[in-house]
*Asks:* 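This is the structure, below, for whatever I ask next.
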Amino acid sequence: MNIFIILFLFIFLNISNVLTTENVIPESVKLALTKSKNQMRVTWYTIDISSAPTILYSTEMFEPIEDSTFSSIGDVISYDTIGFDGKINTAIMSSLSASTMYFYCVGDKSSNVWSPIFNFTTNQFDAPFGQVIPFTTSFFGDMGWIEGNSLNSDVYTVDNLLSRINEIQILHHVGDIAYADKQKSHDLPGNQTIWNKFQNSISPLSSHLPYLTCPGNHDRFIDLSVYTKTWQMPVDFESDSWYSYDYNGIHFVGFSSEHDYFPLSSQHIWIENDLKQYRKSNPNGWIVMYSHRPFYCSVVWDWCSNIDVVESKKIYLWSLEDLLYRYNVDLFISGHAHSYERTLPVYKNKIMGDINSPKATVHIVVGTGGDVEGEDMVWQNLQTWTTGIRTSINGFGLLNVINSTTLNWQFIANINNTIVDEFNLTKGQFDF
Ligand SMILES: *[C@@H]1O[C@H](CO)[C@@H](O)[C@H](O)[C@H]1NC(C)=O
Ligand SMILES: *[C@@H]1O[C@H](CO)[C@@H](O)[C@H](O)[C@H]1NC(C)=O
Ligand SMILES: *[C@@H]1O[C@H](CO)[C@@H](O)[C@H](O)[C@H]1NC(C)=O
Ligand SMILES: *[C@@H]1O[C@H](CO)[C@@H](O)[C@H](O)[C@H]1NC(C)=O
Ligand SMILES: *[C@@H]1O[C@H](CO)[C@@H](O)[C@H](O)[C@H]1NC(C)=O
Ligand SMILES: [Fe+2]
C-alpha cells in the first residue's frame, strides 16, 4: 500500500476516533426503578451513538473496565422529534441485593469512555409484602431550568434537596419537568438545550436516587415521545405513561393527566385494575397517587377556576375521582398550579373526616419547583374543603413514611430551606 494512503488512514482514523470518543461522553445520568424490585435502570444522554452502551457496577469501589464485578449492555434510542437530536442510552442492573450500596458508572464499552463513579443504595425489597419500612421521599412539580440562581429557578430546589440527600431515598417530579417549550415569555416547539441543561442540573440528585416522573403539559412538545424516551418509568408496556410500584410497603401510582383518562380509555382501565388488584392484596396498605394536574386547587387560574373548556378539571374529576374514593387512595399529589396548598379529606367537594380520621383522599398541590413562569399569586375565596394552608412561595414536599398508620408531610420553603407546613396523616378507611 502506498505510504501516503497509510499515513492518511492513520490520521483519519485517529481524528475520527477522537470525535467519536467525545461524542459518547455520558451526560444526564438518571436512575429509575423498573418493574422488578431487584433491578435499577440508568439512562444517559450522548451526542452520538455508542456501540456498546454499558453500565459497570459493583458493591466495591472499582476502576472502569478492569475490575468491576458486573456489567450490563443496554440499548440506544434516537429522538425522532424535530428539534431533538442525539441518543438516549439505557441499561438495567439486575439481580441486585436488598439494602446494599452499589457503585456504578456508565459509558461506551467499545470506546472505553466512562462517566465518574456514582453510587446508590437499594431499598429493603426483601421485606414481606406490605410491611411498612420508614423512609423519606420528595415530591415537587413545575421546576424547569433557568440560567442563573434566582429564587424562580431550579437551583434552590436542587440545592435544598442536595442538602438532604442522605435523608431522601427517592424523588418524584410531578410534571412540567424542564420547561423546554418556554424561554422567558416565548413559546418554543421544544428546545433540546434546555431539556438537557435541566437534566444535567438535576444529575447530582438523579445519579444517586431514583428520579420518577409523570408528564406535564410543558413536556408534550409536538408529541410525548421525547418525554417517554427520556424518562423511562416502571411501566407495564413500553408505550404507557402510567405505572405503579411498591416501595418499602407503600403503593405508588403515577399517571398521566396529558393522555386520555376518560372511562374506557386504556389509562382509566389500567388505573382501576391496578388499584383493584392492590387493594385485594393489601386492604389496609397506603396508596399514594400522583399526576401533574390537581383535582382540588384554588388559585385564580383557568384550570383551577374551571374556565378551561378543552382541558376541563370537571371532566378530570368526573373521570377519576370515584376511583380514588373507591380504592381508598390516601394521598394525591400534583403540580400544575404554581403554588402550594393542601386540602382536608375531600370527595365530590364534601369534607370527609379530618387528617386523624380521613374518610376520603387528602390532596396536595406542590407546583413550586421554581419554573420560568413564576408563581401563581392570586387566590380564590376559601373553598369548603380547604385547610386554609396555601402559599405561593417556592419549595418542595417531603413525605416521611412513619409506619402503617402514620404518614408525615412537610413543605420546605426554598428561601430558607426550612419547614413551613407540616402534618401527620392517619390511615383511614373510607367506606364505613
Ligand atoms: C455516594 O454518593 C454520594 C452522593 O453523590 C456521595 O456524597 C458519597 O460520598 C458517595 N459514597 C461513597 C462511599 O462513595
Ligand atoms: C434553546 O435554548 C437555548 C438556551 O436558553 C438558547 O440559547 C437557544 O437559542 C434556544 N434555541 C432555540 C431554537 O430557541
Ligand atoms: C405509628 O407512629 C405514630 C406516631 O409516632 C404512633 O402514634 C403510632 O402508635 C404508630 N403506629 C404503629 C402501628 O406503630
Ligand atoms: C422561612 O421562610 C418562610 C417564607 O418566607 C417564612 O414564612 C418562614 O417563617 C421562614 N422560616 C424561618 C425559620 O426563617
Ligand atoms: C407528627 O407525629 C410525630 C410523631 O408522633 C410528632 O413528633 C410530630 O410532632 C407530629 N407532627 C405534627 C405536625 O403533628
Ligand atoms: Fe402544568
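This is a predicted model, so every value here is computed, not measured. Whatever order the structure lists ligands and atoms in, that order sets their numbers, starting from 1.
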*Asks:* Which atoms of ligand 3 are found less than 4.0 Å from any heavy atom of Thr405?
*Replies:*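 Ligand 3 atoms under the 4.0 Å threshold to Thr405: 1 (C), 10 (C), 11 (N), 12 (C), 13 (C).
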*Asks:* Can you tell whether the side chains of Arg220 and Glu311 come within less than 4.0 Å, N to carboxylate O?
*Replies:*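 Glu311 and Arg220: salt-bridged.
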*Asks:* Can you confirm whether or not the ring centre of Tyr316 sits under 6.0 Å from the ring centre of Tyr261?
*Replies:*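 Centroid distance Tyr316-Tyr261: below 6.0 Å, so yes.
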*Asks:* Enumerate the atoms of ligand 3 whose separation from the nearest heavy atom of Ile402 is less than 4.0 angstrom.
*Replies:*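 Listed by number with element: 2 (O).
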*Asks:* Mind listing the side-chain donor-acceptor pairs of residues 344-353 below 3.5 Å, one per line with the distance, residues two or more places apart or on another chain?
*Replies:*
residue: Tyr347; atom: OH; partner: Asp322; partner atom: OD1; Å: 2.4
residue: Asn349; atom: OD1; partner: Trp385; partner atom: NE1; Å: 3.3

*Asks:* Are Leu275 and Leu323 side-chain neighbours, meaning at least one heavy-atom pair lies under 4.5 Å?
*Replies:*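 The answer is yes, as the side chains (C-beta and beyond) meet within the 4.5 Å cut-off.
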*Asks:* Which of the numbered atoms in ligand 5 are below 4.0 angstrom from a heavy atom of Glu422?
*Replies:* 13 (C)
*Asks:* Protein residues near ligand 4, heavy-atom distance below 4.0 Å?
*Replies:*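 Residue list for ligand 4: Ile393, Ile415, Asn416, Thr418, Val420.
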*Asks:* Salt bridge between Lys182 and Asp142, side-chain N to carboxylate O under 4.0 Å?
*Replies:*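 No salt bridge links Lys182 with Asp142.
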*Asks:* When you check the gap from the basic side-chain N to the acidic O, do Lys197 and Asp154 get nearer than 4.0 Å?
*Replies:*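 Result for this pair is no, no salt bridge flagged.
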*Asks:* Please check whether Asn424 reaches ligand 5 - meaning an N/O of the residue sits under 3.5 Å from an N/O of the ligand, judged on distance alone.
*Replies:*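 Between Asn424 and ligand 5, an N or O pair is found under 3.5 Å apart.
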*Asks:* I'd like to know whether Phe332 forms a ring pair (Phe, Tyr, Trp, His ring centres under 6.0 Å) with Phe295, so could you lay out the CA-CA distance, the side-chain angles of the two residues, the decisive distance to 0.1 Å, and finally the verdict.
*Replies:* CA-CA 9 Å; Phe332 177 77; Phe295 293 99; 4.8 Å; yes
*Asks:* Below 4.0 angstrom, N of the basic side chain to O of the carboxylate: do Lys313 and Asp308 qualify?
*Replies:* no
*Asks:* Any N or O on Asn403 sitting closer than 3.5 Å to an N or O of ligand 3?
*Replies:*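 Min N/O separation from ligand 3 is below 3.5 Å for Asn403.
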